[in-house]
Each structure stands twice: as C-alpha cells, then as structure tokens.
Amino acid sequence: MGFAALHIAKASGNDSGMSAHIERKTHPKNADEKRTHLNRELIEFADGVENRIDAIQHRLKNGGLTRKVGKNQVTAIRVLLSGTHEDLIQIEKEGRLND
C-alpha cells in the first residue's frame, strides 16, 4: 500500500485559473487526456449552476452573508485527495473507483 495525500488550499475571487485546470478546459502536461473521463465531481452543483466559477458565486449570494466579501478574502476552499499511481490503478481494476 502506498500513500494518500490530502491538499487543502484557500482560494479568493472566482478562482478562474484553478477552475479551468480542474474542469480540464486547459490540459496540463502531466495529465493524461485519455483518462480525464475518470475524474469525478463529488459535490453536485445547484440547479442552474454549470461550473465552479458560477458555483462559488451562487454560494456567496445564497449563503446568508450579511456583509460584503472583500476582494482579498477567501471565497472557497479547494480539497484534493490523491494517492500513488499504483494504488489508484489497483482501485480502478477492482471496480472501487466510485467508492
């Protein structure tokens, strides 16, 4: 068994650069485009929301905030859970990827 890595990062603004990366609107050199179909969104967007940028704005608008959100304030938290290549391949072969 290898290891798992949990990355947590603060985001401000609409996080458009990272949104483009996560939604694979840009294709990083280290990502195999043939495996993009295996990516999973773990949280469903609200009705009428189609992407992360809209989801962040929707949440801020409907989150019950009583004051304005400043440009330099955190608007989202990015969470990424990953593991070793070998472990993730094994999980996929065993049919446990969606678990």
Side-chain angles (χ1 to χ4, degrees):
M1 197 66 168
F3 64 89
L6 177 64
H7 300 272
I8 300 174
K10 297 186 269 186
S12 59
N14 65 10
D15 204 31
S16 60
M18 187 55 71
S19 291
H21 174 79
I22 290 170
E23 294 173 352
R24 293 296 191 246
K25 293 178 181 173
T26 61
H27 297 284
K29 294 176 186 175
N30 66 336
D32 183 354
E33 290 184 46
K34 291 177 258 170
R35 298 182 59 79
T36 298
H37 70 280
L38 297 171
N39 292 349
R40 299 290 186 264
E41 290 286 343
L42 299 179
I43 298 174
E44 294 182 20
F45 295 137
D47 289 338
V49 176
E50 297 182 14
N51 57 48
R52 286 184 77 247
I53 294 171
D54 292 344
I56 291 169
Q57 295 308 313
H58 180 270
R59 179 70 176 170
L60 292 173
K61 181 180 175 184
N62 298 294
L65 300 175
T66 57
R67 62 180 176 79
K68 182 180 175 182
V69 176
K71 291 181 183 180
N72 63 342
Q73 288 185 294
V74 173
T75 55
I77 302 290
R78 281 185 242 120
V79 179
L80 171 68
L81 177 62
S82 63
T84 63
H85 178 74
E86 295 78 18
D87 286 345
L88 294 175
I89 294 296
Q90 184 64 33
I91 288 168
E92 179 186 8
K93 284 181 182 175
E94 293 172 2
R96 298 184 302 133
L97 197 58
N98 288 327
D99 294 347

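All values below were derived from every heavy atom in this structure, side-chain atoms included, with hydrogens, water molecules and symmetry-related copies excluded.
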Colleague: Can Q90 and E94 be counted as having a side-chain donor-acceptor contact under 3.5 angstrom?
Modeller: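 The answer is yes; a qualifying pair exists.
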Colleague: For the residue pair S12 and K71, what are the closest heavy atoms and their distance?
Modeller: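 That would be CB-O, 4.1 Å.
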Colleague: Taking atom types as modelled and ignoring hydrogens, do the side chains of N62 and H58 form a donor-acceptor contact shorter than 3.5 angstrom?
Modeller: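 There is such a pair between these side chains.
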Colleague: Nearest 0.5 Å, what's the CD1-CD distance between I53 and Q57?
Modeller: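 Answer for the CD1-CD pair, I53 versus Q57, is 9.0 Å.
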Colleague: Where do I77 and I8 come nearest, in terms of heavy atoms and distance?
Modeller: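 Here I77 and I8 meet closest at CG2-CG2, 3.6 Å.
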Colleague: With rounding to the nearest 0.5 Å, note down the distance linking CZ in R67 to CD in Q73.
Modeller: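 The CD atom of Q73 is 5.0 Å from CZ of R67, to the nearest 0.5 Å.
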Colleague: Answer with yes or no whether the hydrophobic clustering places V74 together with L65; edges join I, L, V, M, F, W, Y residues whose side-chain heavy atoms lie under 4.5 Å apart.
Modeller: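 Different clusters.
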Colleague: Less than 4.5 Å apart, any side-chain heavy atom of L60 and any of T75?
Modeller: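 Answer yes - side chains close enough.
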Colleague: For R78, which residues count as a side-chain hydrogen bond (donor to acceptor under 3.5 Å, both in side chains) partner, sequence neighbours excluded?
Modeller: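 D15.
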